[in-house]
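Beneath this line is the structure, given in structure tokens, with notes to follow.
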Amino acid sequence: MKHQPNVVVVGSINMDLVVEADRPPKMGETVSGQNIHFIPGGKGANQAVAAARLGAHVAMIGTVGRDAFGSQLTESLTANGVHSGALKVIEGTPTGVASILLAQGDNSIIVVPGANACCLPEDVEDHHSLIEEADVVLLQLEIPIETVEYAADMAKRCGKKVILNPAPARQLSDQLLANIDVIIPNESELALLSGIDPDSDLQLERAMRSLLDKGIESVITTLGAKGAAYMTRDGQRGTVPGYKVQVVDTTGAGDSFNAAVACSLAMGKSLADAVSFANQVAALAVTKLGAQQGMPTRDEVSQFKPAHRWEQ
Ligand code: RIB
């Protein structure tokens, strides 16, 4: 079994402007908040940092603006051990920003892509060699879809395992799906991609099976506090119940899960082991404020002693 997995992330980099308030304002209303935090985020960067903290060798392909957020986010990636040599600075376009409201135990997010919209297929082509060296290529949907399609196609042609977190939700071409080995949607993303509302065990199974029918090897659906379900084309399937933990902030929980699956599969672990590990990583990630700053290290995961699990 490999000891240091090699993961390449092609994706978004945002500064998260996180506001804590008692409740969200209604349209046209002003409410007082308690705190604001500037925390590195973006689904791609979150997954890169999470994988690096779990011990992977990680390189990230992405774009930032030539501004203070761009410099801070690049420094944060480097400080977390992510190879940032493949990041491109875009002139005249601001770094991506996510405005995140934390209220009543949940979050709502508005993402302004900024420089992420300038992450193009040629940026992936320029770093072809990183993908050739990778065990796993990890993708999300916060950069242009042409770039995701290009990266998936290149990675597949290089014989790499391609993992797609289809977030934020959108329709995807059959051609892209055919290049994906493992897809990791949440329930609403699964509903959009399959056209089936997974509101019962049977419907969840039908929805996941419909993605397998499009040529994907494995589907893992994250179920929030309830854990995750997985299913493969060769007949493996299972569910992993979530852990009961003290939730501080769920932002980035899905990102931590995706990164943990990527690391485990890159190390040659089974899908069942990867899902179980990712479930622990995500449980730890929600106990801290902020996306990237809440990502646990491998040591923290090995010391994790959960008290309870949700009933299945
Ligand atoms: O998945 C969480 C991320 O989504 C946040 O960090 C925010 O930047 C948005 O992209």
Side-chain angles (χ1 to χ4, degrees), residues 9-20 36-53 58 60-65 67 69-70 72-74 76-77 80 82 87 94-103 105-119 138-145 147-148 163-170 183-190 192 220-225 228 247-262 278 281-296:
V9 179
V10 185
S12 59
I13 305 166
N14 295 331
M15 183 59 84
D16 290 354
L17 275 49
V18 182
V19 171
E20 294 178 89
I36 183 162
H37 312 268
F38 294 77
I39 305 178
K43 294 184 192 303
N46 294 345
Q47 294 182 20
V49 166
R53 288 195 184 172
V58 184
M60 168 138 199
I61 299 173
T63 40
V64 293
D67 49 29
F69 285 167
Q72 287 165 26
L73 294 170
T74 305
S76 170
L77 284 166
N80 278 287
V82 176
L87 299 186
T95 296
V97 167
S99 168
I100 301 182
L101 173 64
L102 297 184
D106 213 339
N107 66 34
S108 53
I109 304 181
I110 300 174
V111 178
V112 181
N116 293 304
C118 303
C119 184
L138 184 53
L139 305 166
Q140 323 75 30
L141 301 174
E142 279 189 335
I143 56 172
I145 193 66
T147 309
V148 176
I163 301 180
L164 175 67
N165 171 216
R170 56 162 291 159
I183 192 164
I184 311 180
N186 64 18
E187 288 165 283
S188 55
E189 291 149 5
L190 177 67
L192 183 95
I220 306 169
T221 305
T222 55
L223 305 170
V247 177
V248 173
D249 179 11
T250 57
T251 314
D255 297 326
S256 70
F257 187 100
N258 279 269
V261 169
V281 170
L284 276 166
V286 301
T287 63
K288 292 192 188 150
L289 178 74
Q292 273 170 50
Q293 68 186 29
M295 299 304 180

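Counting convention: from 1, in listed order, for ligands and their atoms alike.
Defined by atom type and a distance below 3.5 Å, a donor-acceptor pair is present between the side-chain atoms of Glu20 and His37. Between Glu142 and Asn116, the side chains place no donor N or O within less than 3.5 Å of an acceptor N or O (distance only, hydrogens not considered). Donor-acceptor pairing under 3.5 Å is lacking for the side chains of Asn165 and Gln140. Judged by distance alone, the side chains of Thr95 and Asp67 do bring a donor and an acceptor atom under 3.5 Å apart.
Every atom of ligand 1 is numbered from 1 in the order shown, and the set under 4.0 Å from a heavy atom of Ala291 is 6 (O). Near Gly41, meaning under 4.0 Å from one of its heavy atoms, ligand 1 places the atoms 6 (O), 8 (O). Remark: ligand 1 atoms within the under-4.0 Å shell around heavy atoms of Asn46 are 2 (C), 3 (C), 5 (C), 6 (O). If you number the atoms of ligand 1 from 1 as listed, the ones under 4.0 Å from a heavy atom of Ala98 come out as 7 (C), 8 (O). Listed by number with element, the atoms of ligand 1 under 4.0 Å from a non-hydrogen atom of Gly42 are 5 (C), 6 (O), 7 (C), 8 (O), 10 (O).
Scanning the protein heavy atoms around atom 4 (O) of ligand 1, the nearest turns out to be Lys43 NZ, 3.2 Å. Among protein heavy atoms, atom 2 (C) of ligand 1 sits closest to Asp255 OD2, 3.3 Å. Closest protein heavy atom to atom 8 (O) of ligand 1: Asp16 OD1, 2.6 Å.
For the pair Ser12 (side chain) and Gly44 (backbone), a donor-acceptor distance under 3.5 Å is present. Under the 3.5 Å distance criterion, the side-chain polar atoms of Asn186 are matched with a main-chain donor or acceptor of Ser188.
Other residues, nucleotides and ligands contribute at most 12 non-hydrogen atoms within 6.0 Å of the CD1 atom of Ile110.
When non-hydrogen atoms are compared, ligand 1 lies under 4.0 Å from the side chain of Glu142 (C-beta onward) but not from its backbone.
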